[in-house]
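Okay, structure first, notes after.
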Amino acid sequence: MRLAIGLAVCAVALGVHSAPVFAQSYEADGTTPGQAAVGAALDALAPSAAAGYAGILDAIDALPDASARAEALGQLGAAPYRLMPRLSIQSMDATDREIRGYLAQRREFALDASPGVPVSGDRTINVMVSYGLKQGDYHARPDRPRANFDSRSIRAGFDISPVPGLILGTSIGIDGIDANLDRSQQPRSTLFNANVTPYASYTNGRYYVDATAGYTRSWYQLRRQVSFTGFSDRLQSGPNGDNAAATVEAGGIFKLGVLRAQPFAGLHYRYADLGGFVESGGAASLAVAKFKTESVRSSLGMRASASLRKGAWTLRPSVEAQWQRELRSRPESRIEAIFLQGGTPIFTLPSTRYDRDGAVVGAGISAVHGERTALRLSYSGEFANDRRIHGFAITANHRF
């Protein structure tokens, strides 16, 4: 007994941590599953590796209460990265909405075209360019900090109508996203996306079908700030991700004078992953395994528009509203990580779920000159219990 006490006293004097030294359990301080998982990993710290974590453990031990220790454990985990694949999905959603808004404009043009205006063949080649802005906010949830982001995007595409009512085309685009993904305003993480999106549309004047599909490559610059009394680390990494998207929407077309209504239903598939990565920067650095986000959503909605002619110009204001429902019963994937210094087991940030129901609203106005050149300004908003997202875009196209 005296020998054991003597060894423990020597360990404290030398600043070496091992599980028997501490009266408290770090796992018990955690108030969320993710915090408890980090605490359990520290509790299981191998005595031979404890010296490398002395700064972290001493700082946690010196915190005034269990609440402060729980907050510190949350910072040490990978929760700030939870949102990153979701931001790639937001980028794909923005691309899809801009393209389908453009297809709705093209459909209106074809239905209202004057006699003699070509509706198929090589004289219907269109070139399109688009610039978009988006801002959003995700509310805090257990093991998911509050996060906000803003993005800028530019796209270009071309299409043709080989037969009346059919549009076939493709677009390429890039966008950059700046996101605050942790408790501090600085540093911020960034995401750069490059995408290619083929699209198609068909209408016979009574109904329509739109379809888009695409691949997006993502490059991340992740920055994470760990900062609590007695300890501070600024960490960074640069993983990549692969993403895929597909949307099919079908609806009817009803016209009453200058007004046109289009009730519709759609199905949306999205997949995004964040490749495994290793942080650099300090003692709290993590190695994080690849994780993903996958979504299958249905949509039901209504689009309404009007056609107003004045000389060589035609104005087409439009509004739309839809309800979207997540159909997958499985939540987001869990995130597995380990402290890069070693000596601890792998710890897991449990699976989570974003709100399954959301409302999407939109409004826009198109100005068409001479039935060849069009300019469209649009707004889209996504609203759910855990998020608010606003997007604006300007799209121009010209028929050759």
Side-chain angles (χ1 to χ4, degrees), residues 81 83-103 105-106 125-138 147-159 167-181 187-200 210-223 236-247 268-275 277 292-295 362 364 374-382 389-398:
Y81 299 139
L83 186 67
M84 295 308 293
R86 189 77 183 190
L87 292 183
S88 291
I89 287 181
Q90 293 295 159
S91 174
M92 291 184 280
D93 283 345
T95 298
D96 177 68
R97 288 170 189 163
E98 288 178 23
I99 291 175
R100 287 190 293 111
Y102 164 71
L103 289 174
Q105 171 190 281
R106 293 273 279 109
I125 296 175
N126 268 261
V127 173
M128 173 266 289
V129 293
S130 176
Y131 178 73
L133 307 173
K134 188 173 286 291
Q135 293 182 324
D137 180 87
Y138 282 80
N148 57 71
F149 72 93
D150 58 78
S151 71
R152 306 289 186 274
S153 65
I154 186 169
R155 317 185 199 285
F158 72 94
D159 56 74
I167 299 172
L168 297 176
T170 191
S171 76
I172 57 174
I174 58 174
D175 80 318
I177 300 177
D178 185 31
N180 167 29
L181 297 175
R188 298 170 70 90
S189 292
T190 57
L191 167 60
F192 178 81
N193 296 302
N195 61 72
V196 55
T197 309
Y199 55 87
D210 291 342
T212 66
Y215 168 77
T216 299
R217 179 68 168 174
S218 297
W219 292 268
Y220 299 88
Q221 286 296 324
L222 305 181
R223 300 173 181 86
Q236 59 183 5
S237 57
N240 301 326
D242 294 288
N243 319 297
T247 295
H268 313 257
Y269 173 76
R270 305 287 186 264
Y271 172 89
D273 69 38
L274 193 154
F277 60 92
K292 66 178 183 178
T293 294
E294 194 169 9
S295 173
L375 182 69
R376 181 171 185 266
L377 303 175
S378 62
Y379 162 81
S380 66
E382 181 179 346
I389 299 165
H390 305 278
F392 303 87
I394 178 170
T395 304
N397 66 283
H398 180 74

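Keep in mind it's a predicted model, so treat the numbers as computed, not measured.
Of the N and O atoms on the side chains of Thr212 and Arg100, not one donor lies less than 3.5 Å from an acceptor on the other residue. The closest side-chain donor-acceptor pair between Ser88 and Tyr220 falls under 3.5 angstrom.
Of all the heavy atoms in Lys292 and Tyr271, the pair that sits closest is CD-CE1, 3.6 Å. When all heavy atoms of Arg270 and Ala246 are compared, the closest pair comes out as NH1-O, 3.2 Å. Scanning both residues, Ala393 and Ser130, for their nearest heavy atoms gives CB-OG, 4.5 Å. Across all non-hydrogen atoms, the minimal contact from Gly241 to Arg217 is O-CD, 3.4 Å.
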Verdict with reasoning, Asn240 to Phe277, per side chain to side chain contact (heavy atoms under 4.5 Å, CB included): CA-CA 9 Å; Asn240 301 326; Phe277 60 92; over 6 Å; no

Derivation of the side chain to side chain contact (heavy atoms under 4.5 Å, CB included) call for Met128 and Thr395: CA-CA 7 Å; Met128 173 266 289; Thr395 304; 3.6 Å; yes

Check against side chain to side chain contact (heavy atoms under 4.5 Å, CB included), Ile89 and Asn243: CA-CA 8 Å; Ile89 287 181; Asn243 319 297; over 6 Å; no

Tyr215 and Asp242: CA distance, side-chain angles, deciding distance, side chain to side chain contact (heavy atoms under 4.5 Å, CB included) verdict: CA-CA 8 Å; Tyr215 168 77; Asp242 294 288; 2.5 Å; yes

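Under the 3.5 Å distance criterion, the side-chain polar atoms of Asp159 are left unmatched by any main-chain donor or acceptor of Ile167. Proximity of a side-chain donor or acceptor of Ser91 to a complementary backbone N or O of Leu87 within less than 3.5 Å is not detected. Between the Arg152 side chain and the Lys134 main chain, no donor and acceptor come within less than 3.5 Å of each other. Side-chain atoms of Thr247 never come within 3.5 Å of backbone atoms of Ala211 as a donor-acceptor pair (strictly under, hydrogens ignored).
Between Arg106 and Asn397, the closest side-chain pair of non-hydrogen atoms falls below 4.5 Å. Looking only at side-chain heavy atoms (C-beta outward), Thr170 and Val196 come within less than 4.5 Å of each other. Two residues are said to be in side-chain contact when any heavy atoms from C-beta on lie closer than 4.5 Å; Thr216 and Thr95 fail this criterion. In this structure, the side chains of Ser151 and Gln90 stay at 4.5 Å or more apart for every pair of heavy atoms. The side-chain heavy atoms of Thr190 and Gln221, taken from C-beta on, include a pair separated by under 4.5 Å. Counting heavy atoms from C-beta on, the side chains of Leu375 and Ile394 come closer than 4.5 Å.
Here the straight-line distance linking atom OG of Ser380 with atom CZ of Arg97 works out to 5.5 Å at 0.5 Å rounding. Atoms CG and CG, on Leu191 and Leu222 in that order, are 8.5 Å from each other to the nearest 0.5 Å. Separation of atoms OG (Ser171) and CZ (Phe158) is listed at 10.5 Å; rounding is to 0.5 Å. Atoms CG and OG, from Leu133 and Ser153 in turn, are 7.5 Å apart once rounded to the nearest 0.5 Å. Taken to the nearest 0.5 Å, the CZ atom of Arg155 stands 7.0 Å off from the OG1 atom of Thr197. Here Ser237 contributes atom OG and Leu274 contributes atom CG; the two are 8.0 Å apart, rounded to the nearest 0.5 Å.
The environment of Leu377 atom CG is dense: over 12 non-hydrogen atoms of other residues, nucleotides or ligands sit within 6.0 angstrom. By the neighbour-count criterion of 12 heavy atoms within 6.0 Å, atom CZ of Phe192 is densely surrounded, having more than that number from other residues, nucleotides or ligands. Residue-environment remark: CD (Gln236) stays at or below the threshold of 12 foreign heavy atoms within 6.0 Å.
Partners of Arg86 by salt bridge (Lys or Arg N to Asp or Glu O under 4.0 Å), not counting sequence neighbours, listed by chain and number: Glu332. Listed by chain and number, the residues in a side-chain contact (heavy atoms from CB on, under 4.5 Å) with Asp137 are His139, Arg146, Asn148 (sequence neighbours excluded).
The aromatic rings of Phe392 and Tyr379 sit tilted relative to each other, their planes meeting at an angle between 30° and 60°.
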